[in-house]
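To start, the structure under review is shown below, and the notes come after it.
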Amino acid sequence: DAKTTQPPSMDCAEGRAANLPCNHSTISGNEYVYWYRQIHSQGPQYIIHGLKNNETNEMASLIITEDRKSSTLILPHATLRDTAVYYCIVRGWTTSGTYKYIFGTGTRLKVLA
Amino acid sequence: KAGVTQTPRYLIKTRGQQVTLSCSPISGHRSVSWYQQTPGQGLQFLFEYFSETQRNKGNFPGRFSGRQFSNSRSEMNVSTLELGDSALYLCASSLGGEGEKLFFGSGTQLSVL
């Protein structure tokens, strides 16, 4: 199964960009990278996902390296409400040809005033 | 559009009992997946149902089971509860296709005494 590795915690000053790295060196060619975040015991919230190309939406940008072994989630102007646990996920394919989401341990981002 | 609804929000049971949790997906979503979240193990995939059929399964014992109804609503059952089953149980729905994003409910917090 494809696995992800993230730093356990990060701090970011309010108004600055938050760059959250993720390593997924065992990713396969047809596996997507997803990012979700979870705020204190609520259900995880979708942020962004991508396959090969960089992606941007109203919440964040996703930068995937050319070899796809790592990615970075960028929150361009972090606010206090962005304080949460951020999960980088690879949608992994099982040997039986089906898929499942494999969550890592996440990065606890703290945005500082 | 209503989000994913999980009931009940909180539940207290004793060892040996069984419990049934309910999940109503977003209208039109045919895939429902279940996750267990604990402080020690993080988010772990339990199983996924698509059009009333179990499509994917995680590495949990047979005490954990689920089903999906024709209206896509899903239930998860845990029999012979153990103390270690205390967790936040999350369900997520999606359209079910490749590259689809998950929409999570707020979860059911289960405490086993």
Side-chain angles (χ1 to χ4, degrees), chain A residues 1-9 22 27-53 55 57-60 62 64 73 84-108, chain B residues 2-7 9-10 21 23-26 29 31-51 53-60 66 86-111:
Chain A
D1 290 345
K3 292 178 64 175
T4 62
T5 304
Q6 299 177 253
S9 64
C22 179
I27 194 169
S28 298
N30 59 356
E31 292 176 336
Y32 287 81
V33 178
Y34 285 76
W35 283 83
Y36 286 78
R37 71 181 183 185
Q38 188 173 27
I39 299 173
H40 191 56
S41 294
Q42 295 179 20
Q45 175 192 22
Y46 168 84
I47 302 173
I48 199 166
H49 75 283
L51 184 62
K52 294 179 182 176
N53 300 320
E55 302 287 344
N57 63 19
E58 65 279 3
M59 286 182 71
L62 173 60
I64 303 175
L73 176 74
V85 178
Y86 287 77
Y87 292 98
C88 168
I89 301 149
V90 170
R91 182 161 160 151
W93 290 91
T94 68
T95 54
S96 60
T98 57
Y99 67 85
K100 61 184 177 184
Y101 282 85
I102 302 166
F103 282 78
T105 52
T107 295
R108 187 172 297 275
Chain B
V4 178
T5 303
Q6 290 189 248
T7 56
R9 184 70 178 94
Y10 300 95
L21 311 181
C23 175
S24 293
I26 291 172
H29 284 189
S31 169
V32 174
S33 51
W34 289 88
Y35 299 82
Q36 182 195 66
Q37 186 173 31
T38 59
Q41 299 296 320
L43 264 161
Q44 293 185 283
F45 171 77
L46 279 155
F47 32 65
E48 183 219 1
Y49 286 86
F50 181 81
S51 293
T53 301
Q54 189 181 85
R55 188 163 69 168
N56 291 284
K57 190 177 187 304
N59 298 320
F60 278 80
S86 295
L88 180 67
Y89 290 89
L90 293 157
C91 88
S93 78
S94 77
L95 293 171
E98 185 175 337
E100 289 291 336
K101 56 190 179 186
L102 300 178
F103 294 85
F104 283 84
S106 296
T108 294
Q109 183 68 53
L110 172 66
S111 298

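A note on names: the letters A, B, ... follow the listed sequences, proteins ahead of strands, and every chain is numbered from 1. What you see is a predicted model, and the numbers here were worked out from it, not measured in a lab.
- Of the atoms belonging to B/Gln37, it is side-chain heavy atoms, and not backbone ones, that fall under 4.5 Å from chain A.
- For the residue pair A/Gly43 and B/Leu90, the shortest heavy atom distance occurs at CA-CD2, 3.7 Å.
- Within the 4.5 Å cutoff, side-chain heavy atoms of A/Tyr36 are placed close to those of B/Lys101.
- In this structure, B/Glu100 CD and A/Tyr34 OH are separated by 7.0 Å, a value rounded to the nearest 0.5 Å.
- Closest approach of B/Leu102 and A/Tyr46 over heavy atoms only: O-CB, 4.0 Å.
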